[in-house]
Amino acid sequence: MIHPTPRLRFAPSPTGPLHLGGARTAMYNWAAARALGGKFLLRIEDTDQARSSDASLQIILTGLKWLGIDWDEGPEKGGDFGPYFQMQRLPLYRAAADRLLASGHAYPCYCTPEEIDAGRKAMEEQKAGFAGYNRRCRNLTAAERSAFEAQGRKPNLRFKMPEARVLQVHDLVRGDVEVNTKELDDWVMLRPDGVPLYNFACVVDDIGMAITHVVRGEEHFLNGIKQRLLFEALGAECPQYAHIPLILNKEGKKLSKRDADTNMLDYRDKGFPPEAVFNYIALLGWGFSGDRDVFTRDEMVAVFQIGNIGKAGARFDEEKLRWMCGEYVRRWTPAQCLERARPWLSRVVPEAAFSSHAAWLRNVVGCYQERITILSEFTDKIGWLFAELPTLDEAAQKNLAKEPASKDWLRGYAEVLEKGNLPPSWPADRTAADAVVALPSKKDAAAPTCAFATPAQIEQECRAFTERIGVKFGNFVHPVRAALTGTDKGPGLFDVIFLLGREACVRRLRAAAAR
RNA sequence: GUCCCGUUCGUCUAGCCCGGCCUAGGACUCCAGAUUUUCAUUCUGGCAACACGGGUUCGAAUCCCGUACGGGAUACCA
């Protein structure tokens with residue numbers, strides 16, 4: 001075979017949501033396919049009929065799309081190697097099973113679950129090391145078979161494993177590994193109802209779909225051995241396997257529901273930027289380079305190699321994920337950020353405002369961009385802008401009570417602002433102000449020409465006022481911020497005043513002074 | 001029990017395959033400082049690791065063996 005087109009797949013079973021580990025596996029397959037110039041396909045392993053659901057399938061597909069992992073063949077796409085749902089491929093498995101039966105690689109097993117269990121227990125008592133199916137049906141005579149049939153027993157089909165063959169296999173991640181088949185069972189391929197089990201369906205489909213490389217979790221390593229033997233029995237070439245370690249929690253144990261959100265879409269709903277999640281997950285067991293952590297999908301594809309995936313399990317660290325999110329959020333322009341944040345802004349901002357106050361909202365968002373890491377934080381952060389009066393938190397109350405004279409300052413400053421040239425307050429139209437003044441204001445930025453006072457001008461007037469009344473600027477600022485925003489954190493005070501506009505500022509200062 | 005894999009700062013990792021450039025690099029976190037009207041951002045500096053024991057070698061994080069610890073597997077789930 002001369003360099004066939006590389007074909008890789010992600011083969012989820014729709015029995016639950018797409019979790020971090022699955023997403024990472026999908027991503028590595030995707031990245032390898034793109035890096036090799038091959039195809040990436042999705043195959044749905046829905047043979048566990050009791051647990052599979054369409055809802056899960058939709059969640060998985062949506063999660064992949066959200067992360068920017070697109071597929072060339074599979075659900076919603078079709079392709080020349082379909083069908084891509086295993087339950088639609090039953091005749092293919094039946095045909096392969098018949099071939100195996102005919103070639104003596106498989107045999108019918110009439111054992112009941114209870115009998116199998118009893119056999120296993122007996123082997124355990126002999127403490128032979130490995131305890132599995134006792135292979136009772138492996139060498140049944142024709143007469144014995146018909147006797148079982150006569151009892152009405154329906155046989156499973158089992159694969160006949162070599163008794164004690166040493167296999168030298170090469171794994172793209174693990175390297176050369178030696179495995180003795182005596183550690184392996186005669187495993188069940190097909191149920192009486194014709195529904196295949198994982199290992200069997202997987203191989204039939206990997207052959208049928210011309211898969212060349214398989215990246216999957218290390219829990220499949222031994223399955224890989226069974227599968228190699230099946231490829232051999234079917235006279236097909238085995239794909240290159242890469243078995244990667246699982247994602248661990250903070251304690252180094254397998255990641256579970258308690259440790260992190262199990263559903264990729266939970267991250268979406270909380271406003272984690274998908275690029276950041278993608279970037280972070282990629283880093284769990286793989287490194288872009290010695291000195292860079294932040295990279296795009298394209299940059300990853302340009303350098304990705306399956307062999308560079310680490311052999312050791314990586315722990316999921318939400319703090320670094322958060323940092324990564326902030327890293328992406330800060331790189332957006334305020335306009336881009338506004339677009340992204342819209343679903344969360346909508347919880348406090350009336351829908352109409354997105355067109356009527358686009359420039360203002362862009363400034364609001366701009367002011368918080370470097371203060372958040374995930375988009376849902378916007379919801380709580382910007383509420384004060386829309387309230388009649390802000391709710392004072394503990395720090396704000398303290399800052400208002402600190403200086404006895406501060407109420408006079410606030411009253412005085414209210415007067416200054418009232419007479420000043422501030423933009424109007426929400427919900428009045430203030431496009432003339434926001435369209436020309438881009439927040440957050442930068443120290444060394446050229447002063448824009450504006451019909452209203454700019455933050456820089458507001459600051460100038462403020463400093464002049466504090467001088468007039470003989471108050472240290474640094475002291476003055478705190479009660480003002482408290483009165484205006486209800487807290488001690490937030491954007492620059494003069495951006496706040498600009499954003500709030502005249503009426504709101506005056507109202508808030510006077511209300512705080514009157515407390 | 002048996003088999004397989006792994007082990008570099010608290011965490012993610014670079015280096016390991018092809019021993020010397022490693023007084024082990026980067027990032028997150030943390031601490032200190034600078035900037036500053038708060039917070040945040042940004043910048044500067046700092047703390048902090050080759051699991052342990054043998055061996056090979058002039059020389060080992062890098063090669064070999066063992067021990068310990070961790071993970072995975074051992075289904076009519078995938």
Side-chain angles (χ1 to χ4, degrees), chain A residues 11-16 45-48 50-52 109 111-113 116-117 120 124 127-133 156-158 171 173-175 177-180 182-185 187-193 195 197-199 201-202 216-223 225 243 245-246 248 250-254 280 283-294 307 310-324 326-327 330 367-372 395 399 440 443 459 462-463 466 472-478 480-482 485 487-494 496:
Chain A
S13 88
T15 53
E45 310 213 327
D46 53 357
T47 54
D48 186 342
R51 297 191 300 143
S52 293
C109 167
C111 294
T112 64
I116 293 166
D117 228 44
R120 193 192 319 279
E124 272 165 16
K127 36 185 188 152
F130 174 78
Y133 172 56
N156 283 312
L157 222 56
R158 281 187 190 269
D171 188 282
V173 166
R174 291 194 173 194
V177 183
E178 214 177 76
V179 179
N180 193 318
K182 72 180 182 196
E183 301 297 330
L184 270 3
D185 241 341
W187 47 280
V188 176
M189 305 187 320
L190 201 63
R191 293 195 185 93
D193 61 2
V195 178
L197 264 64
Y198 170 69
N199 284 117
C202 185
R216 80 232 296 195
E218 68 179 4
E219 71 269 26
H220 287 298
F221 181 80
L222 228 41
N223 286 329
I225 304 297
H243 291 95
L246 275 24
L248 278 13
K250 272 204 147 56
E251 285 73 47
K253 305 285 181 197
K254 191 170 175 172
Y280 177 74
L283 247 19
L284 251 26
W286 182 79
F288 178 78
S289 73
D291 55 5
R292 248 184 88 187
D293 282 344
V294 183
K311 299 164 196 59
R315 303 180 194 212
F316 175 72
D317 179 10
E318 181 156 341
E319 279 197 273
K320 188 156 184 179
L321 204 209
R322 287 286 193 135
W323 165 80
M324 184 73 77
E327 203 65 18
R330 271 173 258 130
C367 283
Y368 280 98
Q369 233 175 308
E370 60 192 28
R371 294 179 169 79
I372 61 149
N399 283 344
K443 273 270 173 295
E459 173 169 2
C462 179
R463 285 183 187 273
T466 56
K472 237 179 105 188
F473 181 73
N475 293 337
F476 178 77
V477 130
H478 299 294
V480 173
R481 169 182 295 282
T485 69
T487 182
D488 66 337
K489 307 175 191 5
L493 183 58
F494 305 103
V496 163

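Chain identifiers are assigned alphabetically (A, B, ...) following the order of the sequence lines, protein sequences preceding nucleic acid strands; residue numbering begins at 1 within each chain.
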**Q** Heavy atoms only, 4.0 Å cut-off, all strands: where does A:Gly285 land among base, sugar-phosphate and nothing?
**A**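 Here A:Gly285 touches the backbone only, sparing every base.
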**Q** Only counting residues at least two apart or in another chain, list the ones meeting ring-ring contact (aromatic ring centres under 6.0 Å, His included) with A:Phe316.
**A**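 By the ring-ring contact (aromatic ring centres under 6.0 Å, His included) rule, A:Phe316 matches A:Tyr280.
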**Q** In whole Å, I'd like the distance from the NZ atom of A:Lys311 to the P atom of B:G6.
**A**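 About 7 Å, once rounded to whole Å.
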**Q** Should B:A27 form a Watson-Crick or G-U wobble pair with both distances under 3.5 Å, which nucleotide is its partner?
**A**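 Because both required distances fall under 3.5 Å, B:A27 counts as paired with B:U11.
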**Q** Only pairs with both distances under 3.5 Å count, Watson-Crick or wobble alike; so what is the partner of B:U74 in this structure?
**A**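 Because both required distances fall under 3.5 Å, B:U74 counts as paired with B:G1.
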**Q** In whole Å, measure the gap between the P atoms of B:U11 and B:U29 for me.
**A**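 Those two atoms are separated by 16 Å.
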**Q** So if I take every side-chain heavy atom of A:Asp317 and compare against B:C3, B:C28, B:U37, which nucleotide ends up nearest?
**A**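 In terms of side-chain proximity for A:Asp317, the closest of B:C3, B:C28, B:U37 is B:C28.
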**Q** Please classify the nucleic acid contact of A:Thr15 as base, sugar-phosphate, or nothing, using heavy-atom distances under 4.0 Å.
**A**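 A:Thr15: no heavy atom of the nucleic acid under 4.0 Å.
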**Q** Who are the salt bridge (Lys or Arg N to Asp or Glu O under 4.0 Å) partners of A:Asp293, not counting sequence neighbours?
**A**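 By the salt bridge (Lys or Arg N to Asp or Glu O under 4.0 Å) rule, A:Asp293 matches A:Lys320.
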**Q** Figure out the CG/C1' separation between A:Asn199 and B:A75, and round it to whole Å.
**A**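 The distance from CG of A:Asn199 to C1' of B:A75 comes to 11 Å, rounded to the nearest Å.
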**Q** Roughly how far apart are A:Leu197 CG and A:Leu157 CG, rounded to 0.5 Å?
**A**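 Taking CG in A:Leu197 and CG in A:Leu157, the distance rounds to 11.0 Å.
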**Q** At less than 4.0 Å, is any side-chain N or O atom of A:Thr485 found next to OP1 or OP2 of B:U38? Yes or no.
**A**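 A:Thr485 to B:U38 OP1/OP2: no side-chain N or O under 4.0 Å.
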**Q** Taking side chain to side chain contact (heavy atoms under 4.5 Å, CB included) as the definition, give me every residue that meets it alongside A:Val294, ordered by chain and number, with sequence neighbours left out.
**A**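 Expected list: A:Asn279, A:Trp323, A:Met324, A:Glu327, A:Tyr328, A:Arg331.
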**Q** Please identify each residue that fulfils side chain to side chain contact (heavy atoms under 4.5 Å, CB included) with A:Val195, with sequence neighbours left out.
**A**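 Partners of A:Val195 under the side chain to side chain contact (heavy atoms under 4.5 Å, CB included) test: A:Thr47, A:Gln49, A:Met87, A:Arg191, A:Asp193.
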**Q** Excluding sequence neighbours, so at least two apart, what forms salt bridge (Lys or Arg N to Asp or Glu O under 4.0 Å) with A:Arg120?
**A**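 Result, salt bridge (Lys or Arg N to Asp or Glu O under 4.0 Å) vs A:Arg120: none returned.
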**Q** How many whole angstroms separate atom NZ of A:Lys250 from atom P of B:G10?
**A**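 To the nearest whole Å, that distance equals 14 Å.
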**Q** Could you please name the option among B:C5, B:U29, B:G26 that lies closest to any side-chain atom of A:Lys320?
**A**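 For A:Lys320, the side-chain atoms sit closest to B:G26.
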**Q** Between B:C3 atom P and A:Asp185 atom CG, what is the distance in whole Å?
**A**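 That distance rounds to 17 Å.
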**Q** Taking only N and O in the side chain of A:Arg120, is any of them less than 4.0 Å away from OP1 or OP2 of B:A75?
**A**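 Yes, because at least one side-chain N or O of A:Arg120 sits under 4.0 Å from OP1 or OP2 of B:A75.
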**Q** Got a list of protein N/O to nucleotides 60-66 of chain B N/O distances below 3.5 Å?
**A**
none

**Q** Which residues pass the side chain to side chain contact (heavy atoms under 4.5 Å, CB included) test with A:His220, sequence neighbours left out?
**A**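 Result, side chain to side chain contact (heavy atoms under 4.5 Å, CB included) vs A:His220: A:Tyr198, A:Arg216, A:Asn223, A:His243.
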**Q** Paired with B:G20: which nucleotide, if any, by Watson-Crick or G-U wobble criteria at under 3.5 Å for both distances?
**A**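 Its partner is B:C58.
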**Q** Can you tell me how far P in B:U42 sits from the matching atom in B:A27, rounded to whole Å?
**A**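 It comes out at 12 Å once rounded to the nearest Å.
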**Q** Assign A:Leu493 to base, sugar-phosphate, or nothing according to its heavy-atom contacts below 4.0 angstrom with the strands shown.
**A**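 Contact class for A:Leu493: base.
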**Q** Show each protein N/O and nucleotides 39-42 of chain B N/O combination with a separation under 3.5 Å, one pair to a line.
**A**
from	atom 1	to	atom 2	distance (Å)
B:C39	O2	A:Arg371	NE	2.4
B:C39	O2	A:Arg371	NH2	3.3
B:C39	O2	A:Gly490	O	3.2
B:C39	N3	A:Arg371	NE	3.4
B:C39	N3	A:Arg371	NH2	2.6
B:C39	N3	A:Gly490	O	3.4
B:A40	O2'	A:Glu370	O	2.0
B:A40	N1	A:Glu370	OE2	3.4
B:A40	N3	A:Glu370	OE2	2.8
B:U42	OP1	A:Arg330	NH1	3.2

**Q** Between protein and nucleotides 23-25 of chain B, what N or O pairs are separated by less than 3.5 Å?
**A**
from	atom 1	to	atom 2	distance (Å)
B:G25	N2	A:Gly290	O	2.9

**Q** Expressed as a whole number of Å, how far does the C1' atom of B:C58 sit from that of B:C5?
**A**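 These two C1' atoms come out 35 Å apart once rounded.
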**Q** Which residues satisfy the ring-ring contact (aromatic ring centres under 6.0 Å, His included) test with A:Phe288, sequence neighbours excluded?
**A**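 Per chain and number, A:Phe288 pairs via ring-ring contact (aromatic ring centres under 6.0 Å, His included) with A:Phe295.
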**Q** Say you pick atom C1' in B:G59 and the same atom in B:A14; how far apart are they, in whole Å?
**A**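 Looking at atom C1' only, B:G59 and B:A14 are 23 Å apart.
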**Q** How would you list, by chain and number, every residue that makes a side chain to side chain contact (heavy atoms under 4.5 Å, CB included) with A:Leu222, sequence neighbours excluded?
**A**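 Side chain to side chain contact (heavy atoms under 4.5 Å, CB included) list for A:Leu222, sorted by chain: A:Val179, A:Leu184, A:Ile225.
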**Q** Classify A:Glu178 by what it touches in the nucleic acid, base, sugar-phosphate, or nothing, heavy-atom distance under 4.0 Å.
**A**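 Sugar-phosphate, backbone atoms only, no base.
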**Q** First locate atom CD1 of A:Ile116, then atom CG of A:Asn156, and finally report the distance between them rounded to the nearest 0.5 Å.
**A**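 Going from CD1 on A:Ile116 over to CG on A:Asn156, the span is 7.0 Å.
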**Q** Applying the Watson-Crick and G-U wobble criteria at under 3.5 Å, what pairs with B:C69? Answer none if nothing qualifies.
**A**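 Checking every strand shown, B:C69 finds its partner in B:G6, with both distances under 3.5 Å.
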**Q** Using nucleotides 68-72 of chain B, report all nitrogen or oxygen pairs with the protein that are shorter than 3.5 Å.
**A**
from	atom 1	to	atom 2	distance (Å)
B:G71	OP1	A:Lys253	NZ	2.4
B:G71	O2'	A:Glu218	OE2	3.3
B:G72	O4'	A:Glu218	OE2	3.3
B:G72	O2'	A:Glu218	O	3.3

**Q** Could you identify the nucleotide paired to B:G33, looking across every strand shown and requiring Watson-Crick or G-U wobble geometry with both distances under 3.5 Å?
**A**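 WC or wobble partner is B:C43.
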**Q** A:Leu197 has a side chain; which of B:G6, B:A78, B:C12 sits nearest to it?
**A**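 Nearest to the side chain of A:Leu197 among the choices is B:A78.
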**Q** Taking atom P in both B:C28 and B:U37, compute the distance separating them and give it to the nearest angstrom.
**A**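 So the two P atoms sit 27 Å from each other.
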**Q** Using a heavy-atom cut-off of under 4.0 Å over every strand shown, decide if A:Thr112 touches base, sugar-phosphate, or nothing.
**A**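 The answer is base, as A:Thr112 lies within the cut-off (heavy atoms under 4.0 Å) of a base atom.
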**Q** For the C1' atoms, the ones on B:C9 and on B:C4, what distance do you get once it is rounded to whole angstrom?
**A**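 Going atom to atom, C1' in each nucleotide, I get 29 Å.
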**Q** How close or far is atom P of B:U2 from atom NZ of A:Lys182, stated in whole angstroms?
**A**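 About 12 Å, once rounded to whole Å.
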**Q** Looking for any heavy atom pair under 4.0 Å, which part of the strands does A:Tyr280 touch: base, sugar-phosphate only, or nothing?
**A**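 Contact class for A:Tyr280: none.
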**Q** Check every strand shown and say whether A:Cys111 touches a base, only sugar-phosphate, or nothing at a heavy-atom separation below 4.0 Å.
**A**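 Here A:Cys111 touches the bases of the nucleic acid.
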**Q** Choose from B:A27, B:A78, B:C77 the nucleotide whose nearest atom is closest to any side-chain atom of A:Arg51.
**A**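 Given the options B:A27, B:A78, B:C77, the side chain of A:Arg51 is closest to B:C77.
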**Q** Let's test your reading of the model: under 3.5 Å, does the base of B:C77 pair with the side chain of A:Asp48 as donor and acceptor?
**A**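 No pair found.
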**Q** C1' atom, B:A61 versus B:C21: distance in rounded Å?
**A**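 It works out to 15 Å between them.
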